[in-house]
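What follows is a short report on a single structure.
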Number of protein chains: 2
Amino acid sequence: MEVAVKKLLKSYHLRSTPVRKQVLDLFIQTSHALGKANIEAELDEIDRITLYRTLRTFEQKGIIHQAIDGSGKTKYALCSHECSEHEHHDHHAHFYCTRCEKTVCMNSITVPKIDIPDDFQIASAQLILSGTCKNCQR
Amino acid sequence: MEVAVKKLLKSYHLRSTPVRKQVLDLFIQTSHALGKANIEAELDEIDRITLYRTLRTFEQKGIIHQAIDGSGKTKYALCSHECSEHEHHDHHAHFYCTRCEKTVCMNSITVPKIDIPDDFQIASAQLILSGTCKNCQR
DNA sequence: CTTGATTATGCAACAATGTTGCAGCAAAGA
DNA sequence: TCTTTGCTGCAACATTGTTGCATAATCAAG
Ligand SMILES: [Mn+2]
Ligand SMILES: [Mn+2]
Ligand SMILES: [Zn+2]
Ligand SMILES: [Zn+2]
């Protein structure tokens, strides 16, 4: 609630503003990744530009990470506690449901190590799984 | 050249138009994936909307496939010959160079089989590798 | 509690990608 | 050459995303 979110923001050396509290609270409350449109649907009357800046700030601080799902829309989800301002450690797969368009972190599935030609220097790897989630299977 | 591209289009039951010939030829000539901006840079005076429709058509016919690279830009590359109007078979990784922003198909690297909870029904999987390509390593 | 430095907000303005509808034009087969 | 069918290019729109700047809010210090 209120106080916890405030403390959390403070621990990241971020000021507690209405937008940041609302957005962070929403991420904590939600089990799937959230993009601009999703957040706006939940949090009415919130300024687009401020939202974009809030997301960028949260990402830089290691609070949230991008959940790339091939949908073309940038979504974010809460980081695990190992992430920091200096480095993200979200080496898990993401599942994208093509029916409901929700994206979830599959924390149990780590991206496999890949051997590639020396011509390429890999800095990071991402695994996207798509299909239908439980709710969308009839 | 000219004639070959024309034949190729015909084999997919597509009319040979200037835009289609130019775009298909460019894909054949290029070793990395191409997005809207890339194509426009190479092919001047080509209409945006027609380009988008051309790309969509080529994708539907199994001529090109999306090369998702996490850059937020939709790029395409030529399909292997197994792809058709009915199904794409491009189960390889894509490498994205964060320096030059070029994306290439890594045909030799197939996306590993993943075991996931039954809650999810996987239809496809994609692997994105990012880092620096040969040209961009100093 | 008040004050002041610093930071965040919200608006305007812009840029890029992508989609649809529609009239006119071109390709390909007859 | 003609006709049908499919393709093009324009307008118009929607969505995502960025930057600059004046104003407002936060928070730590006094
Ligand atoms: Mn994640
Ligand atoms: Mn490919
Ligand atoms: Zn679903
Ligand atoms: Zn490169």
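Computed over heavy atoms, backbone and side chain alike; hydrogens, waters and symmetry mates excluded. Just so we're on the same page: letters track the sequence lines, and every chain starts at 1.
For A:Gln137, the side-chain contact (heavy atoms from CB on, under 4.5 Å) partners two or more places apart in sequence, or in a different chain, are A:Thr132, B:Gln121. Scanning for ring-ring contact (aromatic ring centres under 6.0 Å, His included) contacts around B:His92 gives B:His65, B:His94, with sequence neighbours left out.
Put simply, CG on A:Leu9 is 16 Å from P on C:dT7, counting in whole angstrom units. A:His13 has its NE2 atom 18 Å from the C1' atom of C:dA8, to the nearest Å. What separates CZ of A:Arg20 from C1' of D:dT26 is a distance of 10 Å, to the nearest Å. We find that OH of A:Tyr12 is positioned 17 Å from P of D:dC27, with the value rounded to whole Å. One can place CD of A:Glu59 at 11 Å from P of D:dG17, the figure rounded to the nearest angstrom.
Take the nearest nucleotide of DNA chain D for B:Thr54 and for B:Arg15: the residue whose nucleotide is more 5' is B:Arg15.
Classification of B:Lys36 and B:Glu40 as a salt-bridged pair holds, one side-chain N sitting under 4.0 Å from a carboxylate O.
With hydrogens and angles left out, the side-chain atoms of A:Ser130 and A:Thr98 include no donor and acceptor closer than 3.5 Å.
Under the ring pair (Phe, Tyr, Trp, His ring centres under 6.0 Å) criterion, the residue pairs touching residues 107-138 of chain B are A:Phe95-B:Phe120, with sequence neighbours excluded.
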Legend entry - Contact pattern, 5' to 3', of nucleotides 11-20 of chain C - B, S or - by protein heavy atom under 4.0 Å: BB----SBBB
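If you check every strand for non-hydrogen atoms under 4.0 Å, A:Thr57 touches nothing.
Taking the screw axis at each terminus of the helix from C:dC1-D:dG30 to C:dA30-D:dT1 from five consecutive base pairs, the angle between the two is 20° to within rounding of 10 degrees.
Which of D:dT8, C:dA8, C:dG10 sits closest to the side chain of A:Val19 comes down to C:dG10.
A:Thr50 has a side-chain polar atom (N or O) that falls below the 4.0 Å cut-off from OP1 or OP2 of C:dG10. Contact check, B:Thr17 against D:dT8: a side-chain N or O comes under 4.0 Å of OP1 or OP2.
Atom CG of A:Leu14 and atom CD of A:Gln60 lie 10.0 Å apart (nearest 0.5 Å).
As a member of the Ile/Leu/Val/Met/Phe/Trp/Tyr network built from side-chain separations under 4.5 Å, A:Ile68 groups with A:Ile128, B:Ile68, B:Ile128.
Residues B:Ile64 and B:Phe27 have side chains in contact (heavy-atom distance under 4.5 Å, counting atoms from C-beta outward).
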Inset, instruction - For side chain to side chain donor-acceptor pair (under 3.5 Å), just list the numbers for B:Thr103 and B:Lys75, CA-CA rounded to whole Å, side-chain angles, deciding distance to a tenth of an Å, and then say yes or no. - result: CA-CA 8 Å; B:Thr103 304; B:Lys75 294 178 189 166; 2.9 Å; yes
